[in-house]
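Here the structure comes first, spelled out in structure tokens, and everything after it is commentary.
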Amino acid sequence: MKKLLSIALSIVLALSMFSSFVAYAGDNYELPPLPIPHKFGEWVTEKEPTCTEDGKKVSRCSHCNAVNTEIIPALGHSFGEWTESEAQINPTCTTAGKTAVETRVCSRCLLVETRGGDVINALNHDYKGVVTQPTCTEQGYTTYSCTRCDSSYVSDYTASNGHTPAEAVMENIVEASHQSEGSYDLVVYCSVCNAELSREKKDTPSVPHIPGDAVIENSVEPKCTTDGSYDSVVYCTDCNAELSRTKVTVPAEGHKFGEWEQTAAKVEPTCTQAGSEAVETHKCANCEAVEKRGGEVIPALDHEYETKITPPTCTEKGYTTYTCTRGDSTYISDYTNAKGHTPKEAVRENVVEATYTDAGSYDAVVYCDDCGAELSRTLTAIPKLTLPSDGSDFEAEGIPFEEIGGGSDSSKPSNTAPAKTAIKKLKKGKKSFKASWKKVRGVSGYQLQYSTNKKFKKKYKGKKHTVKSIYIKNANKTTRTVKKLKAGKKYYVRIRTYKTVGGKKVYSKWSKVKTVKTKK
């Protein structure tokens, strides 16, 4: 229908324009051509309508692009059912409430509408009164309490009634006895509330005792040296209370001793300790008391010394030993200086014979003429032997030699002393020590020696000492632990090398002596 109306309107407009052109053509103008009617197409929606805003649609002419426009009315909201979002809040006596809140939502634009939430006024208190009657000591009053809540208050006070005294009664009665007075409390109570209104303590006199006959108690028999005794006591015949107590003394009887007997023999005095006479005792037959006599001190005798003179040696002092003839007391005094060594003529040791190919050697050794101690040792070279021009035998430097014949070597094996070694360290242990020393090449082994005496003598200054040697046959070994010693004891240690020549051991000189003390 709308499309037909649009076409009719276009035809009317075209005829009107044509009439105007005809009127104007009367002035010798040519008539314009007749207009072409619009040809509008289909309606096209340019803006969709919403719940609150109109939409728009257009139709365009296919000849001139003329546009017809038409409004599309707004759609309006499409709400759902009302739902409760907040429950109703009931009012109290002092606070207001409110009605329930409901909401609904548009299905197209999601707009939310709300209704309800109206204020409900507070109810105010609804008080009811409860009367409390007055007592003897407390006021009366009315308590008003709200029927809807916990609110309450007190009002309408009335005066207390006061106490009503009853007849006095006796309490806490204590009966009188022979030993003490009696008593009771005279008490007045309120006849209404039973409260105590007054209390007065009353005393009653004690009851007199009736004395009985005296009796004996705590009897103690007399002894040899101490008195005896007993108590004379009077009691009450009614209550048995003690009325009097008198202590009576019984004199001591004295000792009754038996015969004297020896209980300790005589002790003879010594040089340093006093002696004592024999001791005798006798006992009392009644109390076992003991009397003693004797035991007088006998003074010490003092020492009676004999002397023994020890003359000095080359290295040790001389002295005199004083020994008591009655005991083992001894001391040393009267020292004299050591004599010093007396050198003997040097002798040759460790002789290595010279040959036609090698020089020889020997030690020129000087010993003490008295003690035989080595005083000096000097290594002396022996030149190589030379053959005489005539081939006859001879001696060089007083050392005999054998001719070399048939190409054989007649030189003797060397017995020169090997090189010395030295103790590097001594480490103490429990009843032991560990020794370490420098390794020496070309030797057969080592002799390790330890002693409790720095002179390495088994008997020195009248005392016995430990002197022991350990042979180490492995020349490559340089440590040895010595065990089974005394704890906390000081030991002197030295070492020397040896080599075996012709089945015999040839020793080096001893190393310097070092000391070690075992652990306790």
Side-chain angles (χ1 to χ4, degrees), residues 315 341 346-355 357-368 371-384 397 399 409 411-429 431-458 460 465-485 489-518:
T315 58
H341 292 294
V347 296
R348 294 183 177 185
E349 291 184 358
N350 302 325
V351 178
V352 178
E353 301 291 345
T355 67
T357 58
D358 296 305
S361 65
Y362 65 89
D363 292 338
V365 188
V366 177
Y367 291 97
C368 177
C371 68
E374 181 180 312
L375 304 182
S376 67
R377 180 179 293 269
T378 305
L379 181 63
T380 305
I382 303 173
K384 290 193 297 184
E397 297 289 337
I399 305 300
D409 186 357
S411 60
K412 297 180 179 179
S414 172
N415 61 350
T416 303
K420 287 176 58 177
T421 186
I423 294 175
K424 293 168 63 178
K425 186 178 181 181
L426 294 175
K427 183 178 180 181
K428 65 181 179 180
K431 294 186 179 181
S432 66
F433 67 83
K434 182 178 181 180
S436 60
W437 57 86
K438 294 181 179 179
K439 181 179 179 181
V440 179
R441 294 182 178 179
V443 299
S444 300
Y446 307 91
Q447 181 188 5
L448 181 68
Q449 193 174 61
Y450 64 94
S451 173
T452 56
N453 170 250
K454 65 181 179 180
K455 297 293 184 179
F456 289 84
K457 293 183 179 180
K458 291 187 177 181
Y460 184 69
H465 293 275
T466 298
V467 181
K468 290 188 177 181
S469 292
I470 299 173
Y471 284 89
I472 297 92
K473 296 181 180 180
N474 185 351
N476 293 321
K477 190 173 179 65
T478 57
T479 60
R480 181 63 178 262
T481 300
V482 182
K483 301 180 179 179
K484 297 182 179 180
L485 304 177
K489 187 71 175 177
K490 184 178 181 180
Y491 288 89
Y492 298 85
V493 186
R494 63 184 181 179
I495 193 170
R496 63 181 178 178
T497 64
Y498 72 87
K499 67 180 182 179
T500 304
V501 181
K504 294 183 179 180
K505 289 184 174 68
V506 180
Y507 294 90
S508 71
K509 290 184 179 181
W510 286 108
S511 67
K512 289 184 179 180
V513 177
K514 289 194 174 184
T515 60
V516 63
K517 189 174 183 180
T518 57

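Quick note: numbers below take in every heavy atom, side chains included, and nothing from hydrogens, waters or symmetry partners. Since the structure is predicted, the reported quantities are computational estimates derived from the model, not experimental observations.
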Nearest heavy atoms of [X] and [Y], plus distance in Å:
{"X": "Tyr367", "Y": "Gly372", "result": "CD2-O, 3.3 Å"}
{"X": "Ser451", "Y": "Val467", "result": "OG-CG2, 3.3 Å"}
{"X": "Tyr471", "Y": "Arg480", "result": "O-NH1, 4.4 Å"}
{"X": "Ser508", "Y": "Pro418", "result": "CB-O, 3.2 Å"}
{"X": "Ala354", "Y": "Lys384", "result": "CB-CA, 4.3 Å"}
{"X": "Val493", "Y": "Tyr450", "result": "CG2-CB, 4.2 Å"}

Quick one: [atom1] on [X] to [atom2] on [Y], what's the gap to the nearest 0.5 Å?
{"X": "Thr315", "Y": "His341", "atom1": "OG1", "atom2": "NE2", "result": "5.5 Å"}
{"X": "Tyr362", "Y": "Leu379", "atom1": "OH", "atom2": "CG", "result": "9.5 Å"}
{"X": "Lys439", "Y": "Asn476", "atom1": "NZ", "atom2": "CG", "result": "4.0 Å"}
{"X": "Gln447", "Y": "Trp510", "atom1": "CD", "atom2": "CH2", "result": "3.5 Å"}
{"X": "Thr515", "Y": "Lys454", "atom1": "OG1", "atom2": "NZ", "result": "11.0 Å"}
{"X": "Ser436", "Y": "Ile423", "atom1": "OG", "atom2": "CD1", "result": "8.5 Å"}

Counting N and O atoms only, with roles assigned by atom type, does the side chain of [X] sit under 3.5 Å from a partner on the main chain of [Y], one being a donor and the other an acceptor?
{"X": "Tyr446", "Y": "Val440", "result": "yes"}
{"X": "Ser444", "Y": "Thr500", "result": "yes"}
{"X": "Thr497", "Y": "Lys420", "result": "no"}
{"X": "Lys514", "Y": "Leu426", "result": "no"}
{"X": "Ser511", "Y": "Thr421", "result": "no"}

Can you check side-chain contact (heavy atoms from CB on, under 4.5 Å) on His465 and Lys457, steps first, answer last?
CA-CA 7 Å; His465 293 275; Lys457 293 183 179 180; over 6 Å; no
So Tyr498 and Tyr507, would you call those rings parallel, tilted or perpendicular, with 30° and 60° as cut-offs?
tilted
Partners passing side-chain contact (heavy atoms from CB on, under 4.5 Å) against Lys489 (at least two apart in sequence or in another chain)
Thr452, Lys486, Tyr491, Thr518
Tell me, please, which residues at least two apart from Arg377 pass salt bridge (Lys or Arg N to Asp or Glu O under 4.0 Å).
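Partners of Arg377 by the salt bridge (Lys or Arg N to Asp or Glu O under 4.0 Å) criterion, ordered by chain and then number, come out as Glu349, Asp363, Glu374.
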